[in-house]
Amino acid sequence: VADGTPLTLGVRPETISLSRTQTKETHLRGKVGVVEPLGSEDIVNVHVGEQLIKVKTDPGFQGVTGDEIFVGFDEDKIHVFDDKTGNALV
């Protein structure tokens, strides 16, 4: 891929981790948005910069709108796509 090529990062919500403290696995700082309790799971909306990341967690997530949270990704589960072609690169 050439330098400057626009890419899209694809990650499934169940492969994202959240932590109250920054670790080597959870290094993106965000803010909790809406928490959607769905019974068997919660969907936590996390704002990182201008991006919205939806994270699937176990039920009973302890957090409220505005809380600082750190986000991490399972590197083996990340997909990268070329924006122009839509082709998967990783």
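In this chain, numbering begins with 1 at the start of the sequence shown.
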- Stepwise, does the side-chain contact (heavy atoms from CB on, under 4.5 Å) test hold for I43 with K56? CA-CA 5 Å; I43 302 296; K56 193 181 288 186; 4.0 Å; yes
- Message: Let me confirm one number: the CD1-OG1 distance from I78 to T15, rounded to the nearest 0.5 Å.
- Response: 8.0 Å
- Pair K77 + E14, salt bridge at N-O below 4.0 Å: no
- Note on the structure: From the list L18, V34, I53, side chain to side chain contact (heavy atoms under 4.5 Å, CB included) partner of V44 resolves to L18
- Message: Treating S19 as the side-chain partner and Q22 as the backbone partner, does any N or O pair qualify as donor plus acceptor under 3.5 Å?
- Response: no
- Nearest heavy-atom approach of V35 to F61 is CG2-CD2, 3.9 Å
- Message: I'd like to check V11 versus H79 (side-chain heavy atoms, cut-off strictly below 4.5 Å). Are they in contact?
- Response: no
- Roughly how far, to the nearest 0.5 Å, is the CD atom of E36 from the OG1 atom of T57? 10.5 Å
- Query: If you look at every heavy atom in S17 and T26, which pair is closest and at what distance?
  - Reply: OG-CG2, 3.5 Å
- Query: Atom CG in D82, atom CG in N87: separation rounded to 0.5 Å?
  - Reply: 6.5 Å
- In chain order, what residues pass the side chain to side chain contact (heavy atoms under 4.5 Å, CB included) check against S40, with sequence neighbours excluded? none
- Item | Within one Ile-Leu-Val-Met-Phe-Trp-Tyr cluster: L89 and F73, side-chain cutoff 4.5 Å | yes
- Task: Enter the distance from K31:NZ to T65:OG1 here, rounded to the nearest 0.5 Å.
- Result: 11.5 Å
- Given the rule that I, L, V, M, F, W and Y join up when any side-chain heavy atoms are under 4.5 Å apart, are L28 and V46 in one cluster? yes
- Message: If hydrophobic clusters are built by linking Ile, Leu, Val, Met, Phe, Trp and Tyr wherever their side-chain heavy atoms come under 4.5 Å apart, do I16 and L9 end up in the same one?
- Response: yes
- Query: Atom CG in D83, atom OG1 in T8: separation rounded to 0.5 Å?
  - Reply: 3.5 Å
- Task: Find the distance between CG (L7) and OG1 (T5) and round it off to the nearest 0.5 Å.
- Result: 6.5 Å
